[in-house]
Chemist: 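Have a look at this one.
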Amino acid sequence: MKNYLIALALFGLTLAMRDQSIAVKGRLVCGPKAAANVRVKLWEEDSGPDPDDLLDQGYTDSNGEFHLKGGTAELTPIDPIFKVYHDCDDGIKPGSRKVRFGLPKKYITEGKVPKQVFDIGVINLETVFYEEGREMIVSKRALPDDDHDD
């Protein structure tokens with residue numbers, strides 16, 4: 001009987017989980033120049049034993065623009081976080097600067113596909129952000145080799 005109640009409770013929790021999604025777009029600059037090929041990630045951060053969920057990741061384009069979207073199933077409203085890993089105005093320090101932005105909950109939509117996009121605007125990465133961190137290993141996107149013709 002005890003095992004049955006535990007199974008029933010777990011089944012109920014599974015049904016209570018709901019798909020939620022969010023999207024964010026914007027443009028990154030480093031002073032007057034576009035911040036191209038900058039690593040960006042969209043996370044759903046959890047407190048407690050539930051691990052954080054990587055919703056999407058990518059790189060800014062040659063104009064510094066990005067668009068990320070993703071979702072997950074959670075019991076409670078998701079806590080979306082946008083992270084940027086960059087070397088703007090960083091000198092020769094090891095690793096990359098890591099900046100976190102909390103995204104407004106009103107842009108969270110029900111379902112696996114976001115119905116709206118939060119436009120975070122233009123962010124100048126020269127800014128010194130409060131509680132900025134460092135990430136020692138940040139994968140870099142391989143850029144096309146323009147030195148030779150194929």
Side-chain angles (χ1 to χ4, degrees), residues 9-147 150:
L10 289 174
F11 180 71
L13 279 175
T14 302
L15 290 178
M17 302 282 275
R18 62 185 202 268
D19 287 323
Q20 302 169 64
S21 56
I22 191 164
V24 61
K25 71 175 185 173
R27 182 169 184 255
L28 304 177
V29 296
C30 181
K33 296 181 180 180
N37 199 34
V38 171
R39 184 74 154 161
V40 290
K41 294 182 180 183
L42 180 60
W43 287 88
E44 193 285 314
E45 290 194 349
D46 292 299
S47 57
D50 189 16
D52 296 343
D53 300 310
L54 178 62
L55 304 179
D56 196 9
Q57 62 183 324
Y59 298 88
T60 57
D61 64 16
S62 61
N63 196 36
E65 295 177 353
F66 63 89
H67 184 250
L68 301 175
K69 62 183 176 182
T72 188
E74 295 280 332
L75 282 171
T76 58
I78 61 175
D79 295 310
I81 303 292
F82 171 63
K83 294 183 181 179
V84 179
Y85 306 84
H86 68 95
D87 294 312
C88 176
D89 202 28
D90 200 29
I92 58 169
K93 294 178 184 165
S96 294
R97 294 171 63 190
K98 177 173 69 172
V99 183
R100 300 174 63 231
F101 299 91
L103 302 179
K105 290 197 180 283
K106 72 179 187 177
Y107 288 90
I108 299 170
T109 56
E110 297 275 337
K112 295 182 182 202
V113 178
K115 295 175 183 72
Q116 55 185 343
V117 178
F118 175 60
D119 187 345
I120 203 164
V122 178
I123 299 171
N124 188 337
L125 297 175
E126 285 183 317
T127 304
V128 178
F129 296 93
Y130 181 68
E131 294 189 11
E132 184 175 298
R134 294 205 69 76
E135 190 76 16
M136 298 315 285
I137 300 173
V138 177
S139 59
K140 302 289 184 187
R141 178 172 55 181
L143 297 174
D145 185 1
D146 294 335
D147 295 336
D150 291 336

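These figures come from a predicted structure and were not determined experimentally. Sequence positions, counted from 1, serve as the residue numbers for this chain.
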Chemist: I'd like to know if E45 pairs up with K83 as an ion pair, taking the criterion as any Lys NZ or Arg NE/NH1/NH2 lying under 4.0 Å from an Asp or Glu carboxylate oxygen.
Modeler: yes
Chemist: Counting only heavy atoms from other residues, nucleotides and ligands, does the tally under 6.0 Å from NZ of K115 exceed 12?
Modeler: yes
Chemist: Starting at CG of L54, measure out to CG of D52 and round the result to the nearest 0.5 Å.
Modeler: 10.0 Å
Chemist: Looking at D90 and R134, does any basic side-chain N land under 4.0 Å from a carboxylate oxygen?
Modeler: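 Looking at R134 together with D90, the answer is yes, because their closest N to O distance falls below 4.0 Å.
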Chemist: Which heavy-atom pair separates A34 from S62 by the least distance, and what is that distance?
Modeler: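 Heavy atoms of A34 and S62 come nearest at CB-O, 3.6 Å.
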Chemist: Provide the closest heavy-atom pair for D87 versus S96 in the form atom of the first, atom of the second, distance.
Modeler: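 Where D87 meets S96 most closely, the heavy atoms are OD1-OG, 3.1 Å.
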Chemist: What's the shortest heavy-atom distance between H67 and D56, and which atoms?
Modeler: O-OD2, 4.4 Å
Chemist: With a 4.5 Å cut-off on side-chain heavy atoms, are V40 and L68 touching?
Modeler: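 They are in side-chain contact.
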Chemist: Just by distance, do the side chain of D53 and the backbone of E44 share a donor-acceptor pair under 3.5 Å?
Modeler: no
Chemist: Keeping the roles fixed (side chain from Q20, backbone from I78), state whether a donor-acceptor pair exists under 3.5 Å.
Modeler: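 The answer is yes, because a donor-acceptor pair under 3.5 Å joins these two groups.
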Chemist: Distance check, rounded to the nearest 0.5 Å: I123 atom CD1 versus F82 atom CZ?
Modeler: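 Reported to 0.5 Å precision, the distance equals 6.0 Å.
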Chemist: Do the two ring centres, one from F101 and one from F129, sit under 6.0 Å apart?
Modeler: yes
Chemist: For the pair E132 and K98, find out whether any cationic side-chain nitrogen is under 4.0 Å from an anionic carboxylate oxygen.
Modeler: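 No, E132 and K98 are not salt-bridged.
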Chemist: Applying side-chain contact (heavy atoms from CB on, under 4.5 Å) to E110 and R18, what does each step give before you reach the verdict?
Modeler: CA-CA 8 Å; E110 297 275 337; R18 62 185 202 268; 3.2 Å; yes
Chemist: Say you draw a straight line from OH of Y59 to NZ of K41; how long is it, rounded to the nearest 0.5 Å?
Modeler: 8.0 Å
Chemist: Determine, stepwise, if the pair I81 / L103 fulfils side-chain contact (heavy atoms from CB on, under 4.5 Å).
Modeler: CA-CA 6 Å; I81 303 292; L103 302 179; over 6 Å; no
Chemist: Given the rule in the side-chain contact (heavy atoms from CB on, under 4.5 Å) test, do I22 and F118 qualify, once you have shown the distances and angles that lead to the verdict?
Modeler: CA-CA 8 Å; I22 191 164; F118 175 60; 5.5 Å; no
Chemist: Hey, is NZ on K105 packed in by over 12 heavy atoms from elsewhere, all under 6.0 Å?
Modeler: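 Enclosed: over 12 neighbouring heavy atoms sit under 6.0 Å from NZ of K105.
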Chemist: Which pair of non-hydrogen atoms, one from P114 and one from T109, has the smallest distance, and what is that distance?
Modeler: CA-OG1, 3.3 Å
Chemist: State, to 0.1 Å, how close R27 and N63 come at their nearest heavy-atom pair, and which atoms those are.
Modeler: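 Nearest heavy atoms, R27 then N63: NE-O, 2.7 Å.
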Chemist: Check whether any side-chain heavy atom of L55 lies under 4.5 Å from a side-chain heavy atom of T72, and answer yes or no.
Modeler: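 Sidechains of T72 and L55: in contact.
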Chemist: Does the T60 side chain pair with the main chain of F66, one donor and one acceptor, at a distance under 3.5 Å?
Modeler: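 No, T60 side chain to F66 backbone: no donor-acceptor pair under 3.5 Å.
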Chemist: Evaluate side-chain contact (heavy atoms from CB on, under 4.5 Å) for R39 paired with Q57, printing each intermediate quantity in order.
Modeler: CA-CA 8 Å; R39 184 74 154 161; Q57 62 183 324; 2.5 Å; yes
Chemist: Considering only heavy atoms from C-beta outward, does the side chain of M136 approach that of P94 to under 4.5 Å?
Modeler: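 A side-chain contact exists here, since the closest heavy-atom pair is under 4.5 Å.
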Chemist: Could you walk me through whether E126 and R97 pass salt bridge (charged side-chain N to carboxylate O under 4.0 Å, His left out), step by step?
Modeler: CA-CA 11 Å; E126 285 183 317; R97 294 171 63 190; over 6 Å; no
Chemist: Hey, which of L28, V29, D89 is the one that makes side-chain contact (heavy atoms from CB on, under 4.5 Å) with N124?
Modeler: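 Answer after filtering L28, V29, D89: V29.
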Chemist: What pairs with Q116 under side-chain hydrogen bond (donor to acceptor under 3.5 Å, both in side chains), at least two apart in sequence or on another chain?
Modeler: none
Chemist: What are the two closest heavy atoms between S21 and G111, and how far apart are they?
Modeler: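 Between these two residues, the closest heavy atoms are OG-O, 3.0 Å.
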